[in-house]
Amino acid sequence: MTTKYEPEKVEQRARDYWDRERCFEVTEDPDKEKFYCLTMFPYPSGQLHMGHVRVFTINDVIARYQRMQGKHVLQPMGWDAFGMPAENAAIKHGVPPAEWTYKNIDYMREQLKRLGYAYDWSREVTTCRPEYYRWEQWLFTRLFKKGLVYRKNAIVNWDPVDQTVLANEQVIDGRGWRSDALVERREIPQWFMKITAYADELLDNLDNLDGWPDSVKTMQRNWIGRSEGIELSFIVEDEEEPLTVFTTRPDTLMGVTYMAVAAEHPLATKVAANNPDIAAFIEECKTSHAAEAMMETMEKKGLPLGISAIHPISGEAVPLWVANFVLMSYGTGAVMAVPGHDQRDWEFARKHDLPVTQVIRPADGSEIDISEAAYLEHGVLVNSGDLDGLDFTQAFDAIAQRFEADGSGRRTVNYRLRDWGISRQRYWGTPIPIIYCDDCDAVAVPEDQLPVVLPENVTVTGEGSPLKRMPEFYETTCPNCGKPARRETDTFDTFVESSWYFSRYACPDNDEVMLDAREAYWMPVDQYTGGIEHAILHLLYSRFFQKLLRDEGLSSADEPFTNLLTQGMVLKDGAKMSKAKGNTVDPQDLINKYGADTVRLFMMAAAPPEQSLEWSDDGVQGAYRFLKRFWYATDRHCAPGTVEDIAASTDAQLNLRRKTHQTIAKVSDDIGRRYKFNTAVAATMELLNAVTRFDDTSPAGRAVVQEALESIVLLLAPIVPHICHELWQQLGHDGSLLVAAWPATDEAALVQDMIEIVVQVNGKLRARISVAADADAEEVKKLALADLNVQRFIANKVIRKTILVPGRLVNVVV
RNA sequence: GCCCGGGUGGCGGAAUUGGUAGACGCUACGGACUUAAAAUCCGUUGAUUGAAAAAUCGUGCCGGUUCGAGUCCGGCCUCGGGCACCA
């Protein structure tokens with residue numbers, strides 16, 4: 001008699017067991033080897049989407065596998081609970097963001113539990129709770145006193161109708177997403193964290209992150225963008241202040257034919273005062289988008305300012321332009337243009353009939369035509385007076401010395417990385433703990449007045465932050481002088497919360513200190529898994545925060561994440577699934593229909609973790625069918641009763657045993673080293689197929705099947721834990737599968753007498769031959785040449801050479 | 001525009017260090033079982049040629065290195081991610 005596979009019931013029983021036994025709650029145990037296994041925590045958007053299921057399942061598989069390896073595994077879960085969607089929902093439905101968020105969290109927590117993830121729920125962290133964000137407010141005030149946070153003006157997207165600051169994604173074709181008004185660039189004062197102070201360490205430490213993908217490290221290196229160059233000053237006619245520029249190519253200095261400043265540059269502002277054309281141009285630049293991608297792709301425009309700088313070597317006048325592609329926030333807001341040796345300068349010069357001068361020639365003496373394109377390579381200087389003939393390094397040094405001698409320039413290092421602007425003019429975020437006093441300026445909220453609690457019962461309209469309309473929030477007194485003062489109403493960028501939550505999981509209940517001794521036990525995270533879209537910002541900010549925490553004496557770890565796995569996106573219709581695009585797929589339907597194990601299995605079988613995965617409803621059936629086959633195969637095998645331990649003897653029995661141990665070896669490598677869960681699933685499917693085909697109910701045959709099925713249960717336990725929990729007991733085991741050890745490969749079972757060798761002639765496959773596993777090279781070649789089909793292709797030809805790849809192939813070259 | 005990835009049958013993917021291209025699964029088709037359907041089981045499934053044995057072509061495009069290239073090199077095309085206020 002067979003029992004039906006009913007995933008709903010099977011999974012309920014497994015979950016009840018794990019809950020009852022508190023299987024996944026861990027405490028610090030110095031005698032055990034810890035393994036901290038973490039995914040990027042989710043934003044509580046309402047329901048889980050396929051991207052969540054993918055990343056959480058990947059991480060759960062690793063956590064459960066490591067546990068079977070005997071590690072003491074911590075896998076926590078929490079909520080990145082502040083953010084824009086809650087405000088958008090509030091505008092749309094009139095529900096306060098807090099209420100909406102907590103409701104979503106409750107629903108999504110149940111979904112996660114239904115999926116059977118091995119989380120230690122006792123450590124749950126929710127970033128919108130004061131007991132969490134108070135500590136980042138506290139850290140902020142410490143950094144403020146240390147000088148690592150400061151205030152300066154920065155450009156934002158301003159919606160003049162809604163009277164509010166817009167995120168880049170809320171600007172659509174230059175217009176506000178709700179008001180449809182033309183968006184303006186506006187400068188407002190904002191708080192910044194000095195990430196640039198750690199630029200070199202963030203860059204250098206990448207070399208030690210062996211457990212990170214090269215692609216992510218490369219992206220971060222390029223993002224930091226360290227470049228060595230010279231900062232030098234040009235005297236501007238009739239101006240007191242010289243114009244300072246940074247260049248990595250001082251060797252091209254004699255090729256400077258014009259200079260350009262940003263629209264926001266003081267020189268441009270000054271000229272605009274008496275020049276309506278320039279004023280209009282600057283005004284036009286104000287309506288452009290704040291995002292760099294937009295700046296880089298828009299048409300390069302500029303106007304001559306009508307004033308000139310003096311070339312510091314030749315003494316010639318160099319015309320000054322204002323241009324929309326020069327960024328005020330990068331470098332000095334001014335550039336020297338060398339159209340002969342910079343492609344963008346070249347194109348701009350062509351368009352505006354500015355002279356193009358060649359000052360570099362190729363070192364190999366080849367001819368170039370500067371009128372066709374800019375020559376970008378390093379070479380030898382020409383048309384540069386006494387610098388002619390120098391190479392790049394010599395010219396760099398000569399020019400650096402010349403400027404350093406008279407104090408008008410210096411060698412310096414420039415970074416593409418900018419300081420991190422953390423102010424947001426939004427309500428649903430951590431209040432920035434600053435008080436503004438007319439006499440004392442900006443004052444940090446004293447420690448004993450923290451946290452600054454965000455009021456949760458508010459109405460959000462979409463026109464500015466509700467905090468600005470709440471005197472009961474912003475009216476306060478100066479902690480310094482006691483006079484009436486005003487609280488900061490801006491909140492933190494939500495990346496602040498996600499930059500240290502992984503440490504807080506170690507001690508989420510501590511209301512005395514930010515981090516305690518438990519942090520030292522668990523940190524750093526051994527395995528961090530998350531989307532590739534976070535390759536730069538979140539991961540770089542988290543690395544930065546780790547260094548801040550270390551330098552505050554709160555942690556001893558230099559880096560937060562030892563090993564990083566970046567999973568690809570789940571795409572729908574070729575695009576990233578996102579709340580904004582509304583192309584999400586709700587996995588709940590699939591869970592209801594097939595159970596969590598089927599969904600987990602399908603996600604793992606469909607693609608390797610690092611690749612993006614185009615979502616399709618097909619294929620889930622296959623995963624479900626496999627689990628049913630697995631269930632019935634075990635059921636059928638167990639029905640006759642106890643299995644005796646009898647050694648395999650027939651060829652078929654030995655073959656199945658070999659397949660079993662080949663599979664153990666393969667899956668161990670796939671999960672433990674390669675993180676290729678799709679091929680691990682395929683291998684166990686092959687093994688089950690072999691079990692199903694194996695037709696031998698003799699005592700020895702049943703013993704071999706018992707071993708094969710037990711192996712499948714153990715190998716699949718991390719991926720489909722519920723069904724394995726039940727089948728493990730059915731196979732006669734009393735204890736929990738969770739404490740079972742990962743299976744070991746029996747090398748003796750892998751031994752084969754005969755192996756297959758491929759025979760090629762001139763690299764083309766012509767035959768497969770069977771040879772003794774211990775046959776020597778000559779014997780294999782002899783057998784290869786003796787094959788009839790091989791003979792057809794080498795007949796009447798001279799064998800020039802024979803290549804033998806031991807155990808694999810022979811290639812006969814004729 | 002710049003940086004980082006990807007492109008293999010009808011589809012998702014496999015091929016781990018330059019050595020059998022298409023494992024495993026899905027779909028489709030054929031068959032078994034059934035009064036019937038569902039479920040399940042068995043078989044076929046890159047293209048072309050062939051009765052078969054087998055042969056030729058084939059991993060986005062063009063070229064190169066090699067006895068041998070999906071894999072390495074050069075140049076393109078195309079799709080995806082990131083570009084600092086989506087998370």
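Naming convention: chains lettered A, B, ... in sequence-line order (proteins, then strands); numbering from 1 in each chain.
- Of the residues near RNA chain B, A:His534 and A:Gly622, the one whose nearest nucleotide (by heavy atom distance) lies more toward the 5' end is A:Gly622.
- Comparing B:rA15 with B:rG50, their P atoms sit 36 Å apart, to the nearest whole Å.
- The aromatic rings of A:Tyr5 and A:Trp631 sit tilted, their planes meeting at an angle between 30° and 60°.
- Here A:Arg693 lies out of heavy-atom contact (under 4.0 Å) with every strand.
- Side-chain nitrogen and oxygen atoms of A:Lys4 include none within less than 4.0 Å of the OP1 or OP2 phosphate oxygen of B:rU40.
- For A:Arg416, no side-chain nitrogen or oxygen approaches OP1 or OP2 of B:rA84 to under 4.0 Å.
- Contact annotation: A:Arg629 does not reach the phosphate of B:rA39 (side-chain N/O to OP1 or OP2, under 4.0 Å).
- Using a 4.0 Å heavy-atom distance criterion, A:Val165 is classed as a base contact.
- Within the nucleic acid shown, A:Ala605 has no heavy atom closer than 4.0 Å to any nucleic acid atom.
- On a pure distance criterion of 3.5 Å, a polar donor-acceptor pair joins the side chain of A:Arg426 and the base of B:rC85.
- Contact check, A:Asn811 against B:rU66: no side-chain N or O comes under 4.0 Å of OP1 or OP2.
- No N or O donor and acceptor, one from the side chain of A:Gln170 and one from the base of B:rC85, sit under 3.5 Å apart.
- The environment of A:Arg674 atom CZ is dense: over 12 non-hydrogen atoms of other residues, nucleotides or ligands sit within 6.0 angstrom.
- In this structure, A:Arg636 does not reach the B:rU40 phosphate: none of its side-chain N or O atoms is under 4.0 Å from OP1 or OP2.
- With C1' as the reference atom, B:rU16 and B:rG70 are 14 Å apart, rounded to whole Å.
- In this model, a side-chain donor or acceptor of A:Arg673 finds a partner on the base of B:rU16 within 3.5 Å.
- Base contact: A:Glu756 has a heavy atom under 4.0 Å from a base atom.
- Taking only side-chain nitrogens and oxygens, A:Asn678 never comes nearer than 4.0 Å to OP1 or OP2 of B:rG12.
- Within the nucleic acid shown, A:Lys666 comes within 4.0 Å of at least one base atom, counting heavy atoms only.
- In this structure B:rG75 sits in the anti conformation; its chi angle is more than 90° from 0.
- Contact between the side-chain N/O atoms of A:Thr494 and the OP1/OP2 oxygens of B:rA87 is found at a separation under 4.0 Å.
- Counting non-hydrogen atoms under 4.0 angstrom, A:Glu686 reaches the backbone sugars and phosphates but no base.
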_Only Watson-Crick and G-U wobble pairs with both distances less than 3.5 Å should count. Give RNA chain B in dot-bracket notation, marking inter-strand partners with |._
(((((((..(((......[....))).(((((.......))))).((((....))))..(((((..]....))))))))))))....
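- A:Arg808 comes within contact range of the sugar-phosphate backbone alone, with a heavy-atom separation under 4.0 Å but no base atom that close.
- Contact between the side-chain N/O atoms of A:Lys628 and the OP1/OP2 oxygens of B:rA39 is not found at any separation under 4.0 Å.
- Mapping A:Ala683 and A:Gly421 onto RNA chain B via the closest heavy atom, the residue that lands nearer the 5' end is A:Ala683.
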